[in-house]
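Proteins come first, then strands; the chains are lettered A, B, ... in the order of their sequence lines, and each starts at number 1. What you see is a predicted model, and the numbers here were worked out from it, not measured in a lab.
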2 protein chains.
Amino acid sequence: MHHHLINQISHFIKLSDAEKEWISDRFATRRYEKGDYFLREGQVCREAGFIEKGLVRYFVTKEDGEDLTVDFNKEQEFTCNYASFLDHSPSNTSIQCIEPTTILCISYDDLQQLYLHVEEGQKFGRLICEYLYVLAIKKVDTIYRQQPEQRYLQFLDRYPELVSRLPQYYISSYVGVKPPSLSRIRKRLAT
Amino acid sequence: MHHHLINQISHFIKLSDAEKEWISDRFATRRYEKGDYFLREGQVCREAGFIEKGLVRYFVTKEDGEDLTVDFNKEQEFTCNYASFLDHSPSNTSIQCIEPTTILCISYDDLQQLYLHVEEGQKFGRLICEYLYVLAIKKVDTIYRQQPEQRYLQFLDRYPELVSRLPQYYISSYVGVKPPSLSRIRKRLAT
DNA sequence: CCTATCCGTTAACCCAGGTTAATAAATTAC
DNA sequence: GTAATTTATTAACCTGGGTTAACGGATAGG
């Protein structure tokens with residue numbers, strides 16, 4: 001029984017004991033080394049994941065080969081490229097493990113079964129999507145309203161724990177600037 | 001009976017005739033003049049709308065009072081600040097009618113009733129949210145990967161019809177630059 | 001312990017968009 | 001049809017991040 005997973009789902013809907021068992025059985029445990037990919041850009045994201053342990057980053061690759069880190073997920077969070085997962089389109093992002101990571105995975109078809117089989121399954125699907133939607137919108141808002149300097153401050157505020165788990169160039173990429181520029185920002189802030 | 005509305009919903013789920021009637025009855029018709037607000041920043045978005053006729057723009061207001069246009073919706077599209085609507089939080093965007101506009105409105109509670117009362121109601125809630133999610137993600141992607149010039153070209157491509165319905169400064173705001181800069185972009189492209 | 005590699009900072013120069021203000025064009029009002 | 005207002009363009013100057021390359025510190029491997 002995947003307790004962390006069941007606990008997270010239980011934040012959204014009520015589950016009977018039988019349903020907890022049934023759900024646990026749909027998830028397969030996958031282990032990844034640092035640097036391994038959960039998903040590569042261009043692939044269809046066929047499984048949704050729940051991070052049992054570890055840390056992943058999402059990035060897009062520009063035409064010139066540069067990659068831009070757009071998000072992070074850590075233990076006790078769900079991970080997948082939801083847009084690709086939903087409509088079986090090629091993913092526009094890669095998801096890479098940047099620590100040794102354990103992910104519980106469920107296939108698209110099994111998740112659809114979950115929506116049907118579990119009493120409040122459809123509601124869970126709706127709520128999880130609504131949750132992800134709100135996150136996505138906040139992201140848009142951040143990009144629209146904030147300067148790189150503010151985004152850096154916000155990153156420090158929101159992910160204080162990740163600062164020590166991440167190399168600086170992932171942070172600069174997340175903030176939307178190049179490493180030299182993040183250095184300048186840090187210098188400005190230090191005064 | 002609101003036929004346009006029912007048609008749109010029928011793209012997502014099957015509806016019985018009785019359900020079509022029932023749904024139609026939950027929506028109230030509201031009319032707006034050019035410049036009127038469907039929603040103001042800071043208010044909670046308590047109704048979801050379906051635009052029968054007209055055109056609205058979404059904008060956020062920065063601390064310095066400047067507003068940034070983040071999206072448009074036109075006839076036959078749903079409109080609301082979904083994040084605010086979902087969790088009753090103050091909206092971070094305003095929605096303003098920029099043409100005389102007719103909107104069919106349903107309250108939050110009635111929509112929850114719809115999820116329960118209509119056979120495939122929960123599924124509709126999930127699918128509409130998944131649809132909005134994919135749109136939001138595309139928006140993030142656009143901001144991340146594209147320069148203002150590319151966003152302008154994409155705007156021309158995606159909303160050719162809106163070019164003539166919108167003043168230029170809404171377009172420049174949507175593209176993410178100031179009017180003088182959009183002029184420079186247009187000049188560059190003209191050569 | 002020394003070397004090679006990686007990473008973060010710094011400097012110099014470049015460029016796109018911001019800012020401000022003036023002007024021209026297009027709408028709207030009367 | 002003319003005046004008033006709003007909107008679009010242009011010019012001059014400013015600013016912050018990009019680019020490239022050099023340097024220094026840290027880390028890892030031998």
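- The side chain of R188(A) contributes no N or O atom lying less than 4.0 Å from OP1 or OP2 of dT10(C).
- With rounding to whole Å, L189(A) atom CG is found 14 Å from dG16(D) atom C1'.
- Note that CG of N73(B) is 9.0 Å distant from CD1 of I103(B), once rounded to the nearest 0.5 Å.
- Comparing dT10(D), dT20(D), dT9(D) by their nearest atom to the side chain of K187(B) picks out dT10(D).
- Between the side chains of Q8(A) and Q76(A), no donor N or O sits under 3.5 Å from an acceptor N or O.
- Comparing Y169(B) and G176(A) by the nucleotide of DNA chain D that holds the closest heavy atom to each, the one mapping nearer the 5' end is Y169(B).
- Only one option out of F59(A), F72(A), Y58(A) pairs with Y174(A) in a ring-ring contact (aromatic ring centres under 6.0 Å, His included); it is F72(A).
- Place L182(A) and K34(B) on DNA chain C by their nearest nucleotides, and L182(A) ends up nearer the 5' end.
- Comparing dG17(D), dG17(C), dT10(C) by their nearest atom to the side chain of S183(A) picks out dT10(C).
- Shown here is R165(B), whose CZ atom has more than 12 heavy atoms of other residues, nucleotides or ligands within 6.0 Å.
- The distance between atom CD1 of I185(B) and atom C1' of dG18(C), rounded to the nearest whole Å, is 12 Å.
- If you take CZ of R186(A) and C1' of dG8(C), they are 9 Å apart, rounded to a whole angstrom.
- Closest-nucleotide positions on DNA chain D for S181(B) and R184(A) were compared, and the one nearer the 5' end corresponds to S181(B).
- Residue P148(A) is classed as a sugar-phosphate contact, given heavy-atom separations below 4.0 Å to backbone atoms only.
- Here the nucleotide nearest the side chain of P179(A), chosen from dT9(C), dT9(D), dG17(D), is dT9(C).
- Separating the NZ atom of K178(B) from the P atom of dT7(D) is a distance of 16 Å, rounded to the nearest angstrom.
- When the P atom of dG25(D) is taken as reference, atom CD of Q168(A) falls 17 Å away, rounded to whole Å.
- For the pair L166(B) CG and dA26(C) P, the computed distance is 19 Å after rounding to whole Å.
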F78(A) vs F50(A), ring-ring contact (aromatic ring centres under 6.0 Å, His included): CA-CA, chis, key distance, verdict: CA-CA 4 Å; F78(A) 289 97; F50(A) 175 78; 5.2 Å; yes

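- Following rounding to the nearest Å, Q147(A) (CD) and dG18(C) (P) show an atom-to-atom distance of 10 Å.
- Taking the side chain of P180(A) as heavy atoms from C-beta on, and the options dT20(D), dA11(D), dG18(D), the nearest nucleotide is dT20(D).
- Following rounding to the nearest Å, Q146(A) (CD) and dG16(D) (C1') show an atom-to-atom distance of 17 Å.
- The nucleotide whose nearest atom lies closest to any side-chain atom of P167(B) is, among dG8(C), dA8(D), dG17(C), dA8(D).
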